[in-house]
Structure formats: structure tokens, C-alpha cells
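Okay, structure first, notes after.
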Protein chains: 2
Amino acid sequence: MAKAQRRTDSLSRELIIQTATEILDSDGENALTLRALTVRLKTGYGAIYHHVTDKSDLLAAATDDIITGVLSHTATDADPRETLRRLALGLFDAIDAHPWVGAELSRQPWRPALLDFYESIGRLLDALAVPEKARFDAAGTLVNYVLGVAVQNAANARHLTAQDADRAAFLNNAAAQWAQLDPSRYPFVHATVTQLREHDDREQFLAGIDIFLAGIAALR
Amino acid sequence: MAKAQRRTDSLSRELIIQTATEILDSDGENALTLRALTVRLKTGYGAIYHHVTDKSDLLAAATDDIITGVLSHTATDADPRETLRRLALGLFDAIDAHPWVGAELSRQPWRPALLDFYESIGRLLDALAVPEKARFDAAGTLVNYVLGVAVQNAANARHLTAQDADRAAFLNNAAAQWAQLDPSRYPFVHATVTQLREHDDREQFLAGIDIFLAGIAALR
DNA sequence: CGTCGCATTGGAGCGGCGATCCAATGGGGG
DNA sequence: CCCCCATTGGATCGCCGCTCCAATGCGACG
């Protein structure tokens with residue numbers, strides 16, 4: 001009675017990771033503090049650290065969960081190119097839905113979950129008849145491209161929550177800034193303003209995948 | 001006499017940025033604290049904040065310096081593909097020498113300096129006769145790839161300074177871990193161990209650039 | 001059916017961070 | 001020559017991740 005009551009239902013690593021994911025999804029990356037976790041779980045620091053070694057351990061586990069989910073839910077197609085597109089798009093959609101995953105991958109790009117992704121890509125490149133010597137470089141290239149997009153997405157999400165404007169307003173604002181650039185110094189950027197305003201991140205991501213696939217085909 | 005003596009030579013934004021760059025280069029990303037800056041500059045917090053709005057402002061300025069330097073020192077070649085390779089390699093080398101730039105770009109991917117990079121790529125794609133509609137996607141794809149590599153580099157550098165082993169030992173360690181993976185579950189990764197140990201990041205980066213260039217050529 | 005060991009819990013407190021605030025200062029313009 | 005204000009240095013704040021430890025009650029065991 002002297003001290004606060006002790007919870008009867010048991011805490012668990014899974015519950016902590018799940019709660020962390022909820023906080024990250026609803027309030028953004030830097031809303032995940034241990035304080036916020038203790039409040040939400042109605043517990044103390046010690047209980048959390050008994051199940052989790054680190055904050056980075058926590059983030060890594062949450063990220064692994066998301067990526068593992070993507071990989072296991074990706075259907076295989078007869079055409080390896082189509083399977084690779086689905087795999088990449090699945091990752092894109094997951095990172096689009098959970099932008100903090102992109103930021104975490106930029107900190108820890110070689111998590112076990114990404115190793116599975118890497119393995120999948122390697123096999124698909126094999127099916128696409130990419131020569132063995134080129135496969136290593138090709139797989140690394142694709143992973144790096146996806147990683148770059150992930151980081152980009154995470155950064156965009158950060159700016160969107162900072163100012164609470166929606167995506168359209170954000171793009172219009174960026175486009176307006178681009179339009180004000182000196183056309184003689186930035187002819188390309190200036191000419192691209194319309195496409196910036198109207199483009200779809202997902203489609204552009206897929207366009208990049210297709211450029212990569214076309215480039216791979218040239219290696220055959 | 002009552003308070004400490006006041007410096008006679010004047011502080012400046014440039015000096016602060018330069019000192020920050022020195023700390024970042026010699027001791028890594030998270031060695032840059034305001035405390036470390038005050039010690040190195042023999043000054044106080046107030047003096048620094050009088051010239052710099054933020055820590056992020058400081059990092060952004062330091063990053064812009066590095067990237068601007070790269071862009072201005074890249075020679076143009078008659079062949080646009082070669083110029084593009086040089087541009088990309090210049091950026092790679094700069095990020096290799098200053099890995100914290102990669103981490104900073106992952107936080108703020110649309111700094112003015114990167115806009116110049118984007119503009120250069122756009123012009124080169126024009127010179128490569130890439131159709132106007134495809135240029136936007138192609139440029140974005142290349143930027144994303146370079147960004148992904150930058151992030152990867154920054155992460156590798158972090159792990160290298162954490163354990164003070166050199167690069168060869170680090171790669172051998174990673175290769176050993178890969179080699180211990182279940183060959184039936186990870187046939188591709190398992191088969192790639194040798195290339196992981198022997199590969200050159202710079203060459204692999206360039207191989208990726210060439211894959212994308214080949215893919216872009218197919219758009220013509 | 002006790003009882004007791006120990007895995008689990010909650011929270012006070014530590015050191016370090018970025019950032020703010022303000023009194024002291026001294027070089028340069030009138 | 002003097003005084004004003006741009007510039008300086010550091011005390012201080014609030015928040016962070018993390019450590020430490022006393023209290024607790026569940027379940028194994030006699």
C-alpha cells in the first residue's frame with residue numbers, strides 16, 4: 001500500500017515493441033521516448049529495460065517486425081521481374097505507412113530482416129540470368145536504391161508532421177520555391193516544377209525499379 | 001578580472017563551421033556536441049548561438065560546404081556519361097572522406113547543395129537525349145541511389161569507429177557471419193561471401209551508376 | 001497447503017545533451 | 001575621448017537515455 005500497486009498482467013518484449021510501434025506510427029519518430037513508453041504502458045523504466053536492452057534494440061526489433069511482415073506477404077509471380085517489382089513495392093508501401101522504418105534503416109542498414117530481402121533479390125537476379133559475377137553488384141545497387149528512397153520518405157514525413165500541412169500543400173510549397181529559382185542557373189529544376197507538383201512517389205519509385213531492371217538486362 | 005577574460009580575435013560563423021567539421025572528421029558524428037565546440041573554441045554557448053541558429057543549422061552548413069566543394073571541382077568531359085560518372089564519384093569520395101555528410105543528407109535530403117547536384121544530373125540527362133518526360137524520374141532515381149550509398153557509408157563508418165578494428169577486419173567479420181548462415185535458407189548470401197570480403201565500395205558504387213545509365217539509355 | 005527464492009516491477013536519480021538567458025565587456029563610430 | 005551596443009561566456013533549464021535498487025508477488029518445491 002505504501003508504494004504504488006504492481007501490475008498483475010505481465011509485461012513482455014512483444015507488448016513493448018507493439019506499443020512502441022503505435023507511438024511511432026501515430027506521433028512520429030521523435031515522439032518515442034522512454035518516458036512516453038512508461039506512461040502508455042503504465043509502468044516504470046526498470047520494467048522496460050528488463051525486457052529490452054536498449055532504445056536502439058527496441059527500434060531495431062520494431063523495424064524487423066515490419067520488414068519481416070512485408071517479405072512474408074509478398075506473392076511470387078512466374079515472371080521474376082514482376083516478383084521483384086512486387087517485393088520492392090511491398091517494401092515501399094510499408095515504409096510509406098511507417099516512415100520511421102526508413103530512418104531506422106538508415107541507422108542500421110544490415111539488420112537480419114534486410115538480409116532476407118537481399119537474399120530474395122539475389123535469387124531473382126539469378127532467375128533473370130544475371131551473370132554470377134555481376135549479381136553481387138546488382139543486388140547491392142538495388143538495395144542501395146531502395147534505401148535511398150526509404151530515407152527520402154522518412155525525411156518527407158518528418159517535414160510533414162513538423163508543419164501540419166498535408167502532402168499537396170507541401171508539394172505546392174516546394175514547387176513554388178523551385179519556380180522562383182533563377183531559370184538561367186537552374187534550367188532543369190525550373191522546367192521540372194510541374195512534374196514535381198504532379199508526381200506520385202510510388203510511381204516514381206517503380207520507374208526507378210524499371211530503370212534498374214532495364215540496366216540489368218543490358219548485363220546479360 | 002572578476003570574470004574570465006574575453007577573447008580579442010573575433011569568432012565567426014565560418015570559424016565555427018570549420019571547427020565543427022574538424023571535430024566531425026576526427027572523432028565522428030556524435031562527437032560533435034556544443035560542449036566540445038565551446039572547449040575547442042575556448043568560448044561559451046552564447047557566443048556560438050550568436051552566429052548559428054541551431055545545431056542542425058550548423059550541420060547543414062558544414063554539409064553544404066562539402067558538397068559545394070565537390071560540385072565546383074568536378075571537371076566536365078565531352079562524354080556526358082563520363083561527366084556524370086565523375087560527378088557521382090566525386091560525391092562518393094567526399095562522403096567516403098566525411099561519412100557524417102551521408103548521415104546528415106539522410107536527415108535533410110533537400111539542401112540547396114543537393115539541388116545543384118540534381119540540376120547537374122538533369123542537364124547531363126538532357127545531353128544523353130533522355131526524353132523530357134522521363135528525365136524527372138531518371139534524375140530522381142539517380143539521386144536516390146547516391147543517397148542510399150551515402151547512408152550506407154555513414155553507417156559503416158559508425159560501426160568502424162565503434163569497434164576500432166580497421167575495414168579489412170570488419171569485412172572479414174561480416175563475411176564470417178554470412179558464411180555461418182544456413183546455406184539452404186540463404187544460398188545467395190552464402191555464395192556471395194567471397195565477393196563481400198574482396199569487394200571495393202567505390203567500384204561497386206560505379207557499377208551501380210553504370211547499371212542505371214544502361215537502364216536510362218533504354219528509355220531513349 | 002504454506003513459504004520462500006527470485007524473476008519481475010516501478011521510480012528516484014545520474015550524467016549529458018541542446019538550448020535559453022543575461023550580465024559583463026571592450027572595440028569602433030560620433 | 002567616451003559611450004553604446006554587438007559580442008561574449010557561462011549559469012541554468014528541461015528533457016533525454018539509462019542505472020540502480022528496494023519492493024513485490026508468482027510459482028516451484030517440500
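In what follows, chains carry the letters A, B, and so on, assigned in the order in which the sequence lines appear, proteins first and then strands, with residues in each chain numbered from 1.
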Ring centroid separation for F205(B) and Y145(B), is it under 6.0 angstrom?
yes
To the nearest angstrom, the CZ-P distance between R35(A) and dG10(C) comes to 14 Å
I48(B) atom CD1 is separated from dC22(C) atom C1', nearest whole Å, by 17 Å
Whole-Å distance, R13(B) CZ to dT8(D) P, equals 14 Å
| query | When we call it a touch if two heavy atoms are under 4.0 Å apart, what does L32(B) touch: a base, just sugar-phosphate, or nothing? | reply | sugar-phosphate
Between CG of D57(A) and C1' of dG17(D) the distance, given in whole Å, is 14 Å
Listing time: all N or O pairs from protein to nucleotides 19-21 of chain C that are below 3.5 Å?
residue : atom : partner : partner atom : Å
dA19(C) : OP1  : D54(B)  : OD1          : 3.3
dA19(C) : OP2  : Y49(B)  : OH           : 2.7
dA19(C) : OP2  : K55(B)  : N            : 3.0
dA19(C) : O5'  : Y49(B)  : OH           : 3.3

From CG of N30(B) across to P of dG16(C) the rounded distance in Å is 15 Å
Among dC16(D), dC17(C), dT8(D), the one nearest any side-chain atom of H50(B) is dT8(D)
Fill in: Distance below 4.0 Å between H51(A) side-chain N/O and dA7(C) OP1 or OP2
no
### Query
Under 6.0 Å between ring centres, would you say that holds for Y186(A) and Y118(B)?
no
>> Could you check whether D116(A) pairs with R111(A) (Lys NZ or Arg NE/NH1/NH2 to Asp/Glu carboxylate O, under 4.0 Å)?
In response: no
Students often mix this up, so state it plainly: with edges at 30° and 60°, are the rings of W110(B) and W178(A) parallel, tilted or perpendicular?
perpendicular
Does a side chain donor of either D54(B) or Y49(B) reach within less than 3.5 Å of an acceptor in the other side chain?
no
To the nearest angstrom, the CD1-P distance between I16(B) and dT8(D) comes to 8 Å
Taken in chain and number order and not counting sequence neighbours, the residues that satisfy side chain to side chain donor-acceptor pair (under 3.5 Å) with Q18(B) are E22(B)
